[in-house]
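Just so it is clear, the values below take in all heavy atoms, side chains as well, and ignore hydrogens, waters and symmetry mates. Chain A is the first sequence line, chain B the second, and so forth, proteins listed ahead of strands; every chain is numbered from 1. Bear in mind the structure is a predicted one, so any value in this text is a computation, not a measurement.
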2 protein chains.
Amino acid sequence: MMRAAPRPVESHALQRLSALAPLDAMSIGTIRLALGQTLHVRARRDILTEGTPITNPRMIVSGWAARVRLLGDGRRQILSFLLPGDLIGVCNQPSPLAVSTVTAITEIGVCPLPPACEAPALAQAYTMSLALESAYLLDQIARLGRLSAQERIYSLLLEIHERLQLNGMAEAGAFDVPLTQEMMADALGLTSVHVNRMLQIARRQGDLQWRNGRVKLINPAELARQIGRSPARVSAVQLRDRFRLNRSQS
Amino acid sequence: MMRAAPRPVESHALQRLSALAPLDAMSIGTIRLALGQTLHVRARRDILTEGTPITNPRMIVSGWAARVRLLGDGRRQILSFLLPGDLIGVCNQPSPLAVSTVTAITEIGVCPLPPACEAPALAQAYTMSLALESAYLLDQIARLGRLSAQERIYSLLLEIHERLQLNGMAEAGAFDVPLTQEMMADALGLTSVHVNRMLQIARRQGDLQWRNGRVKLINPAELARQIGRSPARVSAVQLRDRFRLNRSQS
DNA sequence: CGCGGCATTGAACATCCTCAATCCTCGTGG
DNA sequence: CCACGAGGATTGAGGATGTTCAATGCCGCG
């Protein structure tokens with residue numbers, strides 16, 4: 001499913017962390033060390049199971065994963081997507097349990113969380129990451145609770161766009177999205193049939209293109225305005241490098 | 001709206017914290033000190049505004065608040081409810097911004113967060129509290145995404161029941177809920193009209209009673225089974241005192 | 001008594017779902 | 001090179017679940 005990546009794939013996680021906090025050489029060294037221990041997990045494999053003790057915090061290096069909740073009767077809700085640079089199982093409780101199952105969507109690279117004990121900048125980045133993660137969870141709640149199907153789709157794609165920009169995986173509104181319509185549906189509280197229909201409308205209206213797993217938002221800013229979405233902000237300190245790659249667009 | 005409480009009202013926050021982690025005398029002293037500085041906020045007042053810098057972390061002492069997201073056109077989503085013992089604006093970022101507006105639902109008592117720097121047990125309790133909070137956010141996502149209106153109502157009431165048990169505000173499946181049907185609707189992604197209809201069915205089926213702001217779940221365990229809900233668990237260490245007050249029931 | 005806020009009701013309607021068939025694409029094996 | 005199979009996308013028809021709008025009831029309070 002995943003072909004060889006066109007560029008050094010580990011760089012995305014590093015780019016994200018260094019966008020979350022200014023990293024010193026020490027931190028970067030620690031990160032590289034951890035990246036060297038990256039292991040790969042096949043698509044569809046669980047890498048964490050709800051209710052299970054969390055042994056080791058990790059970081060997504062490449063590929064996409066999803067936090068999932070299963071309901072006894074087969075219904076499934078994707079709580080959030082995990083992209084390169086996102087953290088897994090980070091918390092400082094004594095005997096933490098996973099609060100959700102995490103499943104690999106594509107084949108993914110996962111490395112142990114670079115230890116932050118001697119790198120305050122890293123700890124800083126993790127704090128920001130957690131804050132962002134929880135902000136996106138709140139967005140997801142508002143999305144499911146109060147947006148129409150069409151709006152939910154735009155909102156989710158805009159979020160993904162925003163997050164992929166942070167780690168350098170999006171350019172000029174275009175980015176890879178290895179999701180089936182059914183996964184979109186499971187994330188958005190819809191059925192795949194309905195997602196399909198709404199996507200067709202979106203394409204017909206010229207709001208986006210979606211071919212071969214690649215999405216292009218024709219006018220992200222306008223879309224965001226239209227559904228009243230503003231980028232997630234969790235700190236008065238500006239995230240670095242954001243939108244750097246997208247100056248060209250409008 | 002709020003009458004004088006029948007019992008020492010500050011005890012609920014304390015009870016919650018000590019259920020989250022075993023507190024030493026030092027911690028309890030710190031808490032009492034903070035409780036002494038409790039200020040009151042009128043119902044409907046905002047105590048935090050989305051996008052605004054967070055100045056001081058606080059704790060709910062009495063009453064209910066809600067984390068809210070407003071959509072430009074008047075749509076409103078309640079992200080979560082804040083009950084006595086819940087924390088507000090806790091995070092260790094440098095310049096944190098509020099990610100959601102917090103509004104008082106009833107008149108509430110709020111005190112500064114008891115400082116945990118010299119009380120590791122307190123820090124522990126806060127960590128648990130944050131973990132629980134995020135677990136409940138995930139529940140909320142699954143609720144909005146994949147449950148029917150009827151199931152959402154049961155699920156939310158069960159969550160509230162569970163949380164009120166933790167801080168000693170529920171007994172034998174009965175507890176005060178100062179919510180209008182419209183607030184329920186805003187939390188559940190429904191309209192108040194529909195909440196009304198579903199509640200009538202629930203009452204008619206003998207699943208619950210709801211009079212004068214007091215809810216009684218006739219058979220919480222059976223309800224939970226029916227919608228496939230299990231209590232939130234974030235740590236392998238058992239929360240203390242849970243259900244202590246409810247041995248009588250079934 | 002009259003007012004305000006909330007709960008309740010009805011009828012018409014929109015959105016989204018279900019079920020099932022069909023199409024498309026792509027990789028496999030003959 | 002082509003038939004085949006699998007997974008995903010697309011389509012249609014009918015139906016369920018929730019919404020909208022507007023009226024009415026209820027109840028505590030000044």
Worksheet item: Are Gln200(B) and Arg203(B) close enough that a side-chain donor and a side-chain acceptor fall under 3.5 Å?
Response: no
Worksheet item: How close or far is atom P of dC19(C) from atom CD of Glu182(A), stated in whole angstroms?
Response: 14 Å
Worksheet item: Would you call Arg58(B) and Leu87(B) a side-chain contact if the rule is heavy atoms closer than 4.5 Å?
Response: no
Worksheet entry | Arg44(B) or Gln200(B), whichever maps to the more 5' nucleotide of DNA chain C | Arg44(B)
Discussion item. What is the separation between atom CZ on Arg211(A) and atom C1' on dC26(C), rounded to the nearest whole Å?
Written reply: 18 Å
Discussion item. Under 4.0 Å from OP1 or OP2 of dA7(C): is there any side-chain N or O of Asn196(B) that close?
Written reply: no
Worksheet item: Taking NZ, NE, NH1 and NH2 as the nitrogens, is one of them in Arg67(B) or Glu133(B) under 4.0 Å from a carboxylate oxygen of the other?
Response: yes
Worksheet item: Is there a side-chain polar atom (N or O) of Arg203(B) under 4.0 Å from OP1 or OP2 of dT8(C)?
Response: yes
Discussion item. Judged by each residue's nearest nucleotide on DNA chain C, which is more toward the 5′ side, Leu147(A) or Leu199(B)?
Written reply: Leu199(B)
Worksheet item: Which whole-number value in Å describes the distance from Met198(A) CE to dT15(C) C1'?
Response: 8 Å
Worksheet, complete the sentence: Trp210(A) atom CH2 is separated from dT10(D) atom C1', nearest whole Å, by 15 Å
Worksheet entry | Rounded distance (Å) that lies between atom P of dC26(D) and atom CG of Asn212(B) | 16 Å
Shorter than 3.5 Å, N or O on both sides, protein versus nucleotides 19-21 of chain D: list them out with atom names.
{"residue": "dT19(D)", "atom": "OP1", "partner": "Thr191(B)", "partner atom": "N", "Å": "3.4"}
{"residue": "dT19(D)", "atom": "OP2", "partner": "Thr191(B)", "partner atom": "N", "Å": "3.1"}
{"residue": "dT19(D)", "atom": "OP2", "partner": "Thr191(B)", "partner atom": "OG1", "Å": "2.9"}

Worksheet item: Can you check the Met184(A) CE to dC16(C) P distance for me, whole Å?
Response: 14 Å
Fill in: Check ion pair Arg229(B)-Glu162(B) (N to O, under 4.0 angstrom)
yes
Item to complete: Look at all strands and tell whether Arg75(B) reaches a base, only sugar-phosphate, or nothing, counting heavy atoms closer than 4.0 Å.
Response: nothing
Worksheet item: Do Thr101(A) and Asp46(A) have side-chain N/O donor and acceptor atoms under 3.5 Å apart?
Response: no
Discussion item. With no hydrogens and no angle check, just 3.5 Å: does a side-chain donor-acceptor pair link Ser155(A) and Arg143(A)?
Written reply: yes
Discussion item. Quick test of your reading of the model: are Arg75(A) and Glu151(B) salt-bridged, counting only N-O distances below 4.0 Å?
Written reply: yes
Worksheet, complete the sentence: When rounded to whole Å, the CD to C1' distance for the pair Gln150(B) and dA16(D) reads 15 Å
Worksheet entry | Length of the line joining Gln181(A):CD and dG8(D):C1', which is rounded to integer Å | 8 Å
